Amino acid sequence: MLGGVNFARAQDLLLSVRGGGYSVAGKAVCDGGLMLDLSPMKGIRVDSARCTAEAQAGLTLGEFDHETQVFGLATTLGVVSMTSIAGLTLGGGLGWLNGKHGLACDNLLSADVVTADGRLLTASEEENEDLFWGIRGGGGNFGVVTSFRYRLHPVGPVLAGGLQHPAPKARDVLRFYHEFASGCPDELSTSASLGRAPDGSLVAGITVCYCGAIEEGERVLRPLRAFGSPLEDGIRPMAYTALQSAPDEGFPPGKQHYWKSSNLEHLSDEAIEVMVRLVKEMPSPSSGMGLQQMHGAASRVDPAATASPHRDEHYDLLILSQWANPADSEENVRWTRELFEAMKPFVGKGVYVNNLGEEEGDRVKEAYGEHYERLVALKDRYDPTNLFRLNQNVKPTAHSGATS
Ligand SMILES: Cc1cc2nc3c(=O)[nH]c(=O)nc-3n(C[C@H](O)[C@H](O)[C@H](O)COP(=O)(O)OP(=O)(O)OC[C@H]3O[C@@H](n4cnc5c(N)ncnc54)[C@H](O)[C@@H]3O)c2cc1C
């Protein structure tokens with residue numbers, strides 16, 4: 001890895017860094033440059049006594065969870081097991097355990113980082129603290145992370161799964177969901193979605209993960225499960241790995257993707273109305289709109305403690321368009337943009353950096369929020385020539401006028 005970074009710098013090559021290649025912005029790959037592909041780096045060592053895991057940067061979430069769950073342990077990662085730990089953790093990392101255990105980056109204890117000048121540094125609370133702060137939310141701006149050490153927690157089995165309601169009930173269901181989710185305990189994290197079922201019908205879905213005692217989870221979830229007449233109630237005790245891989249088949253490789261996203265603090269009736277109305281016009285049956293809840297422990301972390309700034313309780317609102325045929329791109333992109341425009345009156349200023357698309361460089365400051373200037377100072381220190389620029393880029397001062 002050191003050789004690759006030194007070579008790219010010496011030859012003045014465009015450099016990209018690939019973890020699992022799942023970022024929607026597609027910046028992990030580059031044309032006419034050098035890609036450092038960490039995906040073959042699959043090493044992991046779990047210390048069950050200390051509840052930690054040392055994991056190399058090429059692991060997918062599924063591979064990581066598989067090893068830690070052998071010991072009944074896990075940490076917060078995302079909700080689709082095929083994505084990689086690297087890009088996800090560096091951008092923050094929102095998943096089913098966030099209410100109880102914080103974001104993925106909140107569980108990072110240390111990382112090995114190859115910096116732009118070719119040094120291999122350890123970043124932790126004790127060493128290179130400024131770099132440690134920056135890689136917890138600042139993405140790949142500061143170097144190539146070769147391995148991550150995480151704090152683990154006893155997890156599983158969990159009480160988890162989904163409820164599906166018919167579209168005509170979507171307004172009532174989302175209204176009730178918002179009320180329910182707003183008061184839920186840390187052990188429970190939730191998401192809601194509007195999309196199409198395999199038979200093509202429009203459905204409102206709610207997915208939950210309760211990571212505490214199953215009987216208590218049954219009690220907590222009773223009102224949600226009793227609401228209305230769901231078409232399907234798939235909530236049951238299951239292995240944490242089963243929950244983590246359940247959505248995978250909905251995201252097959254090779255599809256076209258276009259996303260728009262923002263943080264949403266309050267799910268008002270007016271916002272629900274817009275969502276329900278415009279989701280009906282969705283051109284692709286594989287697309288949808290999701291609300292992923294960020295709350296509890298993740299929201300109690302001091303915003304200044306890491307570079308991941310958006311710590312108020314909110315939903316990560318994501319309009320996720322995916323379709324098969326590139327010829328259909330125009331109508332799918334148009335629909336995504338129209339829905340996003342219509343949702344603008346209801347969303348906040350912030351956005352999760354890992355949801356930003358290729359064309360959204362102008363929203364980078366919204367993603368890094370109040371930390372942007374501190375990140376620029378860090379960039380000046382660790383990467384003043386912007387060698388690591390294929391990311392949601394924090395431009396160093398010397399490049400602040402540059403367009404790429
Ligand atoms: C289907 C799907 C579901 C998702 N679900 C969630 C979710 O539940 N929660 C969530 O938080 N996010 C989620 N995401 C977003 C996810 O966090 C990002 O896509 C993330 O970038 C994936 O990591 P990756 O390593 O696979 O990405 P890559 O595309 O490989 O990398 C993205 C960027 O990260 C940087 N990077 C990657 N690896 C390294 C490294 N080792 N060192 C330095 N920089 C590096 C680079 O700048 C690179 O351009 C989802 C994405 C998809 C496609």
Side-chain angles (χ1 to χ4, degrees), residues 1 4-5 14-30 33 35-41 55-64 76-98 103-106 111-116 123 131 134-135 137-148 189 191 207 209 243-253 255 257-259 261 286 288 290-294 298 308 310 316 318 320-322 351-358 382-383 387-394:
M1 209 53 61
V5 170
L14 185 63
L15 179 67
S16 74
V17 183
R18 181 180 188 271
Y22 262 82
S23 92
V24 72
K27 293 180 190 257
V29 293
C30 63
M35 174 177 76
L36 293 177
D37 182 2
L38 287 92
S39 61
M41 294 178 63
Q56 287 187 333
L59 286 161
T60 65
L61 311 193
E63 291 161 344
F64 180 97
T76 308
L77 293 168
V79 305
V80 173
S81 83
M82 301 170 303
T83 53
S84 156
I85 63 170
L88 182 128
T89 304
L90 294 171
L94 179 63
W96 290 122
L97 304 178
N98 84 80
L103 301 178
C105 71
D106 300 330
D112 293 336
V113 189
V114 177
T115 51
L131 182 60
I135 61 168
N141 271 290
F142 305 106
V144 184
V145 178
T146 54
S147 86
F148 300 84
S189 289
S191 70
T207 309
C209 171
L243 173 68
Q244 284 289 73
S245 55
D248 290 0
E249 65 182 25
F251 303 98
K255 289 270 177 101
H257 275 251
Y258 186 77
W259 296 8
S261 175
S286 314
L291 300 167
Q292 197 172 351
Q293 185 187 17
M294 207 288 292
S308 183
H310 308 295
D316 173 25
L318 177 62
L320 189 160
S321 279
Q322 59 170 336
V351 59
Y352 176 31
V353 69
N354 279 354
N355 288 347
L356 286 181
E358 187 193 4
Y382 285 98
D383 186 17
L387 180 65
F388 301 111
R389 61 181 176 278
L390 283 179
N391 44 45
Q392 299 305 346
N393 195 224
V394 175

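Model, not experiment: these values are computed from the prediction. Every number for a ligand or one of its atoms is a count from 1 in the order of the listing.
Checked by distance only, ligand 1 and Val79 come closer than 3.5 Å through their nitrogen or oxygen atoms. Close N/O approach between Val144 and ligand 1 is not found [any backbone or side-chain N/O within under 3.5 Å]. Checked against a 3.5 angstrom limit, the closest N/O atoms of Ser84 and ligand 1 fall inside it. Ligand 1 has no N or O atom lying under 3.5 Å from any N or O atom of Arg18, backbone or side chain.
With hydrogens and angles disregarded, a donor-acceptor distance shorter than 3.5 Å links the side chain of Gln322 to the backbone of Gly250.
When distances from atom 43 (C) of ligand 1 to the protein are checked, a heavy atom turns up under 4.0 Å. Not a single protein heavy atom sits closer than 4.0 Å to atom 14 (N) of ligand 1.
Closest heavy-atom approach to atom 1 (C) of ligand 1 within the set Tyr352, Phe251, Phe142: this belongs to Phe251. Considering Gly93, Ala28, Ser23, Gly20 only, the shortest heavy-atom separation from atom 32 (C) of ligand 1 involves Ser23.
The part of Ala57 lying near ligand 1 is the side chain, judged by heavy-atom distances below 4.0 Å. Counting heavy atoms under 4.0 Å from ligand 1, residue Val17 touches it through both backbone and side chain. Contact annotation: for Leu77 versus ligand 1, there are no heavy atoms closer than 4.0 Å. Contacts of Leu88 with ligand 1, taken as heavy-atom pairs under 4.0 Å, involve both backbone and side chain.
Contact analysis leaves Gly91 out of contact with ligand 1, as no non-hydrogen atom separation drops below 4.0 angstrom. Not close to ligand 1: Met82, with no non-hydrogen atom less than 4.0 angstrom away. Within the 4.0 Å heavy-atom cutoff, Ala25 does not count among the residues contacting ligand 1. Taking 4.0 Å as the cut-off, Gly21 counts as a neighbour of ligand 1 on heavy-atom distance. Not a single heavy atom of Phe388 sits less than 4.0 Å from an atom of ligand 1. Contact between Trp259 and ligand 1 is present, with at least one heavy atom of the residue lying under 4.0 Å from the ligand.
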For the pair Met294 and Leu103, evaluate side-chain contact (heavy atoms from CB on, under 4.5 Å) and give the outcome as yes or no after the intermediate values. CA-CA 9 Å; Met294 207 288 292; Leu103 301 178; 4.3 Å; yes
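Protein heavy atom at the shortest distance from atom 7 (C) of ligand 1 is Leu94 O, 3.5 Å. What sits closest to atom 45 (C) of ligand 1 on the protein, heavy atoms only, is Leu90 CD1, 3.6 Å. Nearest to atom 17 (O) of ligand 1 among the protein's heavy atoms is Asn354 ND2, 3.0 Å. In this structure, atom 41 (N) of ligand 1 lies nearest to the protein heavy atom Val145 O, 2.9 Å.
A distance of 8.0 Å separates CG in Leu61 from OG1 in Thr89, rounded to the nearest 0.5 Å.
Near Gly78, meaning under 4.0 Å from any of its heavy atoms, are these atoms of ligand 1: 7 (C), 8 (O), 9 (N).
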